[in-house]
Amino acid sequence: VTRTGAKSSRARIRRSPKKARYDRGSIHRVLDRGPIAHVAFCDQGQTYCIPMLYGRVGDRVYIHGSRASRLVRVLAAGAPACLTVTHLDGIVLARSAFEHSANYDSVVLLGRFTAADAEERPAALEAFTEAVLPGRFAEVRPPNKKELRATQVLRMDIEEASVKTRTGPPDDDDSVDAEIDVWAGVVPVLTVYGSPQPSPGLREGVPLSASLLRIAEGRQ
Ligand SMILES: Cc1cc2nc3c(=O)[nH]c(=O)nc-3n(C[C@H](O)[C@H](O)[C@H](O)COP(=O)(O)OP(=O)(O)OC[C@H]3O[C@@H](n4cnc5c(N)ncnc54)[C@H](O)[C@@H]3O)c2cc1C
């Protein structure tokens with residue numbers, strides 16, 4: 001049985017608790033927006049917060065890196081960790097400077113990483129590639145034994161987690177500031193893909209694969 005943030009005091013959101021969610025569906029939803037997480041940990045009294053790719057499989061989040069990496073060594077040894085994913089969905093423009101805000105969708109996981117078991121590594125490695133571009137893993141060469149040996153895959157069980165989401169207009173529509181004639185509202189922030197730029201070494205005539213065509217056509 002896993003705990004969620006609702007039952008954990010240190011994962012409970014204090015400010016604007018109405019924006020908080022602790023249910024598994026909400027946690028998975030934000031994690032699945034991927035692909036970048038910031039992973040925080042402490043090493044010899046110094047806190048670090050490192051950006052990296054991640055993937056979710058079921059109730060676990062996976063990260064991977066070189067076995068030689070400091071981050072991988074410290075986390076594999078069981079250091080307390082915090083993994084945060086943030087998406088900026090809009091800028092919120094109010095009449096007053098004070099009410100300016102952002103629409104966002106974020107999740108914070110607390111816990112510890114452990115080395116993934118041999119049998120879960122293939123699905124985790126697939127999840128990293130799929131987080132970069134859905135459908136890509138089936139199109140490319142899978143990891144070979146040498147690559148698997150060099151890569152450490154770590155997992156964190158989703159046990160203490162919280163989601164915080166802001167949506168909607170600025171909060172001053174119902175205040176005296178609504179009398180002020182300055183434009184107020186939301187400007188959505190979107191992530192868009194540019195045109196694919198072929199690798200200099202790409203062989204002549206290799207077409208875009210299905211996963212790329214999907215984003216090129218805006219069907220993602
Ligand atoms: C979008 C993105 C995705 C990434 N995905 C992965 C991944 O999946 N796996 C992975 O292992 N690495 C990934 N990286 C690289 C990652 O951020 C780290 O650089 C790397 O994991 C750190 O390796 P290390 O522990 O050997 O470095 P350390 O020895 O811990 O780094 C030494 C110091 O370098 C500085 N530093 C390290 N990384 C960064 C950084 N990204 N930006 C600025 N300063 C930094 C910090 O001060 C750090 O204390 C990704 C980076 C980005 C931006």
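Note that the numbering runs from 1 along the sequence shown for the chain. The structure displayed is predicted, hence computed values, not measured ones.
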Please confirm whether the backbone N or O of S211 pairs with a side-chain atom of E139, one donor and one acceptor, at under 3.5 Å? yes
For W183 versus G185, what's the shortest heavy-atom pair and its separation? CZ3-N, 3.4 Å
Value for OG (S101) from CD1 (I91), rounded to nearest 0.5 Å, stands at 11.0 Å
Salt bridge or not between R95 and D173? Use side-chain N to carboxylate O under 4.0 Å. yes
Measuring from atom CE of M156 to atom OG1 of T114, what distance do you get when rounded to the nearest 0.5 angstrom? 9.5 Å
Enter the distance from R21:CZ to I13:CD1 here, rounded to the nearest 0.5 Å. 9.5 Å
Do any N or O atoms from the side chain of S69 and from the backbone of V72 form a donor-acceptor pair under 3.5 angstrom? yes
Assigning hydrophobic clusters by single linkage (Ile, Leu, Val, Met, Phe, Trp, Tyr; side-chain heavy-atom cutoff under 4.5 Å), is Y48 placed with L109? yes
Taking side chain as C-beta onward, heavy atoms only, is L125 less than 4.5 Å from P122? no
Under 3.5 Å donor-acceptor, E120 side chain and D117 backbone: yes
Count I, L, V, M, F, W, Y as connected when their side-chain heavy atoms are under 4.5 Å apart, and connections chain through other members. Are V140 and F128 then in the same cluster? no
Measuring from D43:CG to L71:CG, what's the distance to the nearest 0.5 Å? 10.0 Å
Of D157, L83, V153, which meets side-chain contact (heavy atoms from CB on, under 4.5 Å) against F113? L83
Is there a side-chain contact between R121 and Y62, using heavy atoms and a 4.5 Å cut-off? no
Salt bridge R166-D171, side-chain N to carboxylate O under 4.0 Å: yes
Hey, are T165 and D105 close enough side-chain-wise for a donor-acceptor pair under 3.5 Å? yes
Any side-chain to backbone donor/acceptor pair from N103 onto G168? Under 3.5 Å, distance only. yes
Would the distance check show the side chain of R56 and the main-chain N or O of G58 forming a donor-acceptor pair, the cut-off being under 3.5 Å? yes
Are Y104 and V107 connected, step by step, through hydrophobic side chains (Ile, Leu, Val, Met, Phe, Trp, Tyr) whose heavy atoms are closer than 4.5 Å? no
